[in-house]
Amino acid sequence: MLHRPILSKRGETGMMERLLAWVERTLMPPMAKLGEQRHIRAVRDGVVATLPLVIVGSFFLLIAFPPVPAWAKAMEPHVAKILIPFRLTVGLMALYASFGMAFSLARSYGMDGLTSGILGMGAFILTTLPQNIAQLADGSPGPGWVLPFANWGGQGLFTAMLVSLLSVEIARFLYSRKLMFRMPEGVPPAVARSFEALIPGSVVVTLVWLVRGLLNFDIQSAIMNLFKPLVVASDSLAGALIPILLVTLLWSAGIHGVSVVGPVARPIWYALFEANAAAAAAGQPLPHIVPEQFFQWFVWIGGSGMTLSLVLLMVFSRSDYLRKLGRASLLPGIANINEPIIFGTPIVMNPVLAIPFILAPMAAGTVTYFAMKVGLVGRPFIAPPWTLPGPIGAYLATGGDWRAAALNLFNVFLGVLIYWPFFRAYERRLEAEAEAKNRTA
Amino acid sequence: MVRILLVCSAGMSTSILIRAVEKEAVARGQQVSVRAVGTTELESAVGDADVVLVAPQVRHRFPQFAEIARAAGKPIALIEPKAYGPFGGPAILDQVAQLLSGS
């Protein structure tokens, strides 16, 4: 029996308590501060704002390549047309984000969001050289001036991030030096604002043009190469397990782990995701395993810490309180919402339940990584909304792989096994407490 | 009518709390309207609220929220972790009453 020693042996519980205290006092403050840093916040807001377009756009991949072979055959002649929304949403993710990031950063400085957002987006677009295609290969007239947007998807997020945030910083620097046109009183504010942005605009546009157009320095490739090692390193077992460990440690101290880790990791996850989606659209094998959907549909089942497994145990608990809470939390849990469980059970600062809360997702992450590595289960390349039930989300995220749904259920089962002894120990403690209360009452 | 604004990470988990608070308000015969928003929506929603309550999992951002609430002249407080769940209605209404009498 595993559960008895955990309560009776002082040493183990004590160690877990020390770990939780360390998380709260040492790990959490700098991490929380990092998550609140204004540039990181701007990246988070800008990237998150693209999510609706990414979710909708990625579903066109599923329509173009449906999981049923007969349908897939029927779609084949229309694939190029069906993929148009996908190319112009997921494939332009960095463009949309460049506006959002500059907007959010400007607002955090109390600057005008709209003009700054447009300035940031312009700076990003200027990193691409337009091309004049007067004639097509077959001799027919071409479309004229076009902008190649191969680097405007997830891989381009890093360029968008650096260039658009830099443009806001330049504008802020110029404003702080009073380098701007001032309009006399009485000029409508909207007009005044657009004139105020003239000097920052000319500096930013000239600067990016100098580097990209005149010096012909390929900003996009340089930045992508700079971040490449980070992206490659993230697509590994360590890249899967480190975020899981950080998120669950933070949550066990009561802090929304994904909202702290996500802003830093999300540009990388998006780059991995977009590479997979692009490969799927091109009919090539998917290169990556660990985009955000890996965590969403195979690890955070029922919410961070894989608490759906715990909820299933609670639904049948002998403790009145746990059973009531479990039943009330079952539907939210299926929709991957678990704050009631985390704070109600509670898991926060609970040395017994924090152990499986960390271990179960680590186990699920390891199993899933290898299952995808060896090709037992398809890799994610579609972004379903995160409140869908786990097996459905896993099925959709992998473009309709039933084995992904099975893996999702297997992971829930694995979680039940890992939570079980700790849950029983905690349940007994609650029962004992309730009994003691009854006796004194 | 007391207008309560709940803030959490995405406005999802607090929507569970809404029902708990509304149920308790009916039991107490109080008139309340409860709204849940994500952290990015606080600034635009704070004007229509009488009191702001912040979910415990975003407490690391509390100083930033407090600044927004103070600018709007609204009382703001953190929800006790134990009150954050389907059975938290009574504790939250008590907290609201306390906040409003304090201001």
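On a predicted model such as this, the values are computed, not experimentally measured, just so you know. The sequence lines fix the lettering, A, B, ..., with proteins before strands; numbering per chain opens at 1.
Remark: the backbone N or O of Gly47(B) is paired with a side-chain donor or acceptor of Lys74(B) at under 3.5 angstrom. Between the side chain of Gln296(A) and the backbone N or O of Ile301(A), no donor-acceptor pair lies under 3.5 Å.
Interface residue Tyr84(B): backbone and side-chain heavy atoms are both found under 4.5 Å from chain A. The contact between Leu325(A) and chain B is made by backbone and side chain atoms together, counting heavy-atom distances below 4.5 Å. With a threshold of 4.5 angstrom between heavy atoms, Val260(A) approaches chain B through side-chain atoms but not through N, CA, C or O. If you measure heavy-atom distances from Arg107(A) to chain B, the contacts under 4.5 Å come from the side chain alone. Only the side chain of Glu43(B) comes within contact range of chain A, with at least one heavy atom under 4.5 Å from a heavy atom of that chain.
Using a cut-off of 4.0 Å between Lys/Arg side-chain N and Asp/Glu carboxylate O, Glu22(B) and Arg28(B) are scored as not salt-bridged.
Relative orientation of the Trp251(A) and His256(A) rings is tilted, given thresholds of 30° and 60° on the angle between their planes.
Summarising the geometry, atom CD belonging to Gln98(B) is positioned 12.5 Å from atom CG belonging to Leu93(B); distances are rounded to the nearest 0.5 Å.
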